[in-house]
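Note that the structure is a prediction, hence the values are computed from the model and not measured. Counting starts at 1 for both ligands and their atoms, in listed order.
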Amino acid sequence: MKNNKLWIALSLGACSLGLVQKSELTLKDAFQKDFYVGAALNQAQVSGKDAQVQALIKKQFNTISPENSLKWGPIHPKPEEYTFKPADDYVAFGQQNKMFTIGHTLVWHQQTPDWVFEDEVGKPVSREVLLQRMEKHIATVVGRYKGKINGWDVVNEAIADQGGQMRPTKWLSIIGEDFAVKAFEYAHKADPKAELYYNDYSLYQPAKREGVIRLVKGLQAKGIKVNAIGMQGHYGLTVPTIEQVEASIVAFSKLGVKVNFTELDIDVLPNPSRRQGADIAETFETDQKYNVYTTGLPDSVQQKLTKRYADLFTLFRKHRDKIGRITFWGVTDANSWLNNWPIKGRTSYPLLFDRQYQPKPALQAVLQTAALKN
Ligand code: GLA
């Protein structure tokens with residue numbers, strides 16, 4: 001009898017524990033009806049070397065982006081040499097976990113080797129040669145993951161930071177303004193079913209917003225399919241304002257495309273340049289006055305971060321009919337690129353999970369926005 005009672009008590013305990021675990025809300029479940037929620041993954045996370053973080057990823061996210069493995073430099077370092085293994089592992093991880101798997105990125109002015117633009121003696125190649133190289137690269141990479149990668153950032157950061165004109169890059173100077181048209185055409189040919197995106201930072205700025213609208217309208221006028229505009233979302237605690245972000249969501253969706261937030265993080269550290277963008281070439285010398293929270297984030301800043309994330313997700317939910325996904329640029333604070341940009345070796349706090357993989361107060365605040373009736 002005693003034993004029976006103990007057994008019943010234990011079973012009830014296990015049962016309620018099960019219920020607690022089941023009802024623990026996760027990002028992917030909380031926003032299931034609204035949009036995908038995801039993160040950019042590095043190789044250690046994909047390979048399973050870091051089992052704890054993999055469990056977190058599977059639990060919280062239903063879309064993934066590759067932090068580096070599908071960029072031109074890492075995957076196609078030399079003319080006849082491709083390094084597919086890291087990208088293969090990334091795509092396999094997405095497939096095994098039934099995640100909406102993103103390809104990032106096909107045509108960009110960064111992390112692209114010089115040989116792409118040069119002949120054997122280092123002179124710029126002709127438009128025809130560069131177009132051939134672009135087509136071959138896209139056919140090979142997109143073709144390899146056809147039907148497995150669901151959407152591609154075809155062109156990244158083609159609009160200049162000031163003025164909204166095309167950014168002066170080798171793609172532009174050698175091929176001309178239609179390099180983006182060609183990139184989208186080649187990507188569509190390589191996988192007609194994949195979604196295709198234009199991706200950029202600081203798209204809350206009116207001039208950049210208008211530049212992207214012009215670019216996308218130009219593509220659409222040629223009959224090219226653009227499924228979404230990716231707003232990277234490398235934000236600060238106060239810049240941009242919620243109204244600025246909202247204005248771009250509304251303006252972009254009028255083009256008949258979805259809006260994705262593709263690289264969301266919030267930098268809480270003091271800023272040496274009052275920078276507003278995410279130009280990876282813009283870096284600064286180490287200086288401890290810009291690395292002020294090495295022993296932990298003060299409560300007051302934690303609260304600002306929490307409120308900032310809550311405000312952003314309240315906005316995202318308000319426009320959930322226009323938004324396809326929200327992807328964080330990293331999983332935990334430990335592996336954010338913001339520990340090394342724009343200054344190397346800082347202790348940064350931009351994400352929803354801390355260095356011990358524990359949820360920060362911002363996670364709860366974000367989850368609560370899912371229940372708002374707006
Ligand atoms: C840009 C790129 C990303 C990444 C970040 C910083 O936003 O699109 O791939 O390189 O910079 O890491």
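- Using a heavy-atom distance under 4.0 Å as the criterion, the protein contacts of ligand 1 are K71, H104, W108, Q111, N156, E157, Q232, H234, E263, I280, W329, W337.
- Residues R127 and I175 are in side-chain contact: their nearest non-hydrogen atoms beyond the backbone lie under 4.5 Å apart.
- No more than 12 heavy atoms of other residues, nucleotides or ligands lie within 6.0 Å of CD in E177, so this atom counts as exposed by the packing criterion.
- For N199 (side chain) and N156 (main-chain N/O), no donor-acceptor pair under 3.5 Å exists by modelled atom type.
- R308 places a side-chain N or O within donor-acceptor distance of the main-chain N or O of L237, the cut-off being under 3.5 Å.
- With respect to the salt-bridge test (charged N to carboxylate O, under 4.0 angstrom), the residues K208 and E157 do not qualify.
- Judged by distance alone, the side chains of W152 and D191 never bring a donor and an acceptor atom under 3.5 Å apart.
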